[in-house]
J.: 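Starting off with a structure, shown below.
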There are 2 protein chains.
Amino acid sequence: MKSSSKFVVAVHVLTGLAVVRLKKKADSISSQNIAWSVNTNPVVIRRLLGTLKRAGLVETESGSGGGARIGRSPEKITLAEVYKAVEEGSVFHYHYATPNQDCPVGANIQDALHEPLSQAEAVMIEDLSRTTIKDVAQKIMNQM
Amino acid sequence: MKSSSKFVVAVHVLTGLAVVRLKKKADSISSQNIAWSVNTNPVVIRRLLGTLKRAGLVETESGSGGGARIGRSPEKITLAEVYKAVEEGSVFHYHYATPNQDCPVGANIQDALHEPLSQAEAVMIEDLSRTTIKDVAQKIMNQM
DNA sequence: CGCCATGTAAGTATCTTGGTTACGCTGCTA
DNA sequence: TAGCAGCGTAACCAAGATACTTACATGGCG
């Protein structure tokens, strides 16, 4: 089972921005700086920031001295929101090739599974909404 | 977000075997026959059946006239069990490269996320346990 | 104007997944 | 006992996804 690490990285980034904000250390952080923490390339971070920006979770500024800043109070951003912002598609993946429609099972299986599977996924996201970026940032700061 | 379709295919296969059993149509089904319904190659099915067999969810027989049969009453197999049998690893994927340990956030983020994320996943699997193969088979048979 | 930063496009390497071929073994049946 | 039908696995291949990288246009500040 393989999916993307975008969600975890997004939480990492937002948590970093939250820590900076809570500690009043700096106004904005460059993608270079964030990339250093995540251990990746600044372009990867900028792409991700673009997605988060469209979701209203961060603000960015171009130009010299620019960078990213958290878009809202950390306690008002839940992991569920981050998940929905960056992760597209369902946790569950249906058949590559359409199942055989001449078989009663093949013809109806996807439809029959839709409800229980989307329900299970919804429950998971619901659970993610119980944790906020502030919660995560707090945990980190306790270790510092 | 990309993962495998193994889970859905496994449910498809088990549902097919359940329908056959509930309708008392045949004793066992060949991988060829199953592959026809799933619209894939028999080898893919045999591989999957191997996994399901190890989990006790199906029984197989070699030789002429052999094939697969559901290993237990359909109402005693939940989607959660199928999920755990075929899907390895977590829904959430952590950083490709280890985050920068010189950064307080990078050094602690994975640890801080472990609990909320594994919790969310557990809740999802818990929800899957509310649906059985019989439930799915029943839905299919209502369409026949 | 020069510098530092974002935004984005385009190309590449690596990994995962599923499809496919091949072949040995098992067990039925004529 | 020969032949056939089926499973079990290994090995290879094609396609797709993911993230890394280079490159460059744009924006804003001194």
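Side chains are part of it too, since the values below use all heavy atoms of this structure and drop only hydrogens, waters and symmetry mates. To find a chain, count down the sequence lines: A is the first, B the second, and so on, and within it residues start at 1.
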J.: Could you check Val43(B) against Gln32(B) and say which one's nearest nucleotide on DNA chain D is further toward the 5' end?
T.: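 Looking at DNA chain D, the more 5' nearest nucleotide goes with Gln32(B).
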J.: What is the distance, to the nearest angstrom, from the CD atom on Glu61(B) to the P atom on dC28(C)?
T.: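 Rounded to whole Å, this separation is 8 Å.
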J.: Rounding to an integer number of Å, can you tell me how far Asp27(B) CG sits from dG6(D) P?
T.: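 One finds 14 Å between P of dG6(D) and CG of Asp27(B), rounded.
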J.: Does a donor on one side chain and an acceptor on the other come within less than 3.5 Å for Ser28(A) and Glu61(A)?
T.: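 Checked: Ser28(A)/Glu61(A) side chains show no N/O donor-acceptor pair below 3.5 Å.
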J.: Between dT18(D) and Ser4(A), is there an OP1 or OP2 to side-chain N/O distance shorter than 4.0 Å?
T.: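 The answer is no; no side-chain N or O of Ser4(A) sits under 4.0 Å from OP1 or OP2.
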J.: Please check the phosphate of dG7(C) (OP1 and OP2 only) for any side-chain N or O of Lys53(A) closer than 4.0 Å.
T.: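 Affirmative; the distance criterion is met.
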J.: Looking only at the side chain of Ser30(A) (C-beta and beyond, no hydrogens), which of the listed nucleotides dT17(C), dA5(C), dT21(D) gets closest?
T.: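 Shortest atom-to-atom distance from the side chain points to dA5(C).
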J.: Given dT22(D), dG18(C), dT21(C), which nucleotide is nearest the side-chain atoms of Asn41(A)?
T.: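 Among dT22(D), dG18(C), dT21(C), the one nearest the side chain of Asn41(A) is dT22(D).
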J.: Of all heavy-atom pairs between Cys103(A) and Ser37(B), which one has the smallest distance, and what is that distance?
T.: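 Nearest heavy atoms, Cys103(A) then Ser37(B): SG-OG, 3.2 Å.
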J.: Once you round it to whole Å, what is the distance between P of dT18(D) and CD1 of Ile45(A)?
T.: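 Between P of dT18(D) and CD1 of Ile45(A): 17 Å.
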J.: Let me confirm one number: the CD-CD distance from Glu75(A) to Gln138(A), rounded to the nearest 0.5 Å.
T.: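 Here the interatomic distance stands at 10.0 Å.
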J.: With distance as the sole criterion, is a donor-acceptor pair present between the side chains of Ser4(B) and Glu87(B) under 3.5 Å?
T.: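 Note: Ser4(B) and Glu87(B) side chains meet the donor-acceptor criterion.
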J.: Find the distance Leu48(A):CG to dT6(C):P and express it as a whole number of Å.
T.: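 Distance, rounded to whole Å: 13 Å.
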J.: Summarise how protein sits on nucleotides 24-30 of chain D as a single string, 5' to 3': B when a protein heavy atom is under 4.0 Å from the base, S for sugar-phosphate-only contact, - for no contact.
T.: ---BB--
J.: Could you state the atom-to-atom distance from CD1 of Ile34(B) to P of dG8(D) in whole Å?
T.: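 Between P of dG8(D) and CD1 of Ile34(B): 11 Å.
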J.: Can you see whether Thr132(A) engages Asp135(A) through a side-chain donor-acceptor pair at a distance of less than 3.5 angstrom?
T.: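 Yes, Asp135(A) and Thr132(A) have a side-chain donor paired with an acceptor closer than 3.5 Å.
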J.: Which pair of non-hydrogen atoms, one from Thr98(A) and one from Asn39(B), has the smallest distance, and what is that distance?
T.: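 The pair with the smallest heavy-atom distance is O-ND2, 2.8 Å.
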J.: dG18(C), dG19(C), dT21(D): which one has an atom nearest the side-chain heavy atoms of Arg47(B)?
T.: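 Given the options dG18(C), dG19(C), dT21(D), the side chain of Arg47(B) is closest to dG19(C).
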J.: Taking only side-chain nitrogens and oxygens of Ser5(B), does any of them come within less than 4.0 Å of OP1 or OP2 of dG18(C)?
T.: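 Yes, such a contact exists.
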J.: Got a salt bridge between Lys76(B) and Glu81(B), using NZ or NE/NH1/NH2 to carboxylate O under 4.0 Å?
T.: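 Salt bridge flag = no for Glu81(B) with Lys76(B).
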J.: CD of Glu87(A) versus C1' of dA19(D): gap in Å, rounded?
T.: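 For the pair Glu87(A) CD and dA19(D) C1', the rounded distance is 14 Å.
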J.: Counting only side-chain heavy atoms from C-beta out, which of dA22(C), dC20(D), dG18(C) sits nearest to Tyr96(A)?
T.: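 In terms of side-chain proximity for Tyr96(A), the closest of dA22(C), dC20(D), dG18(C) is dG18(C).
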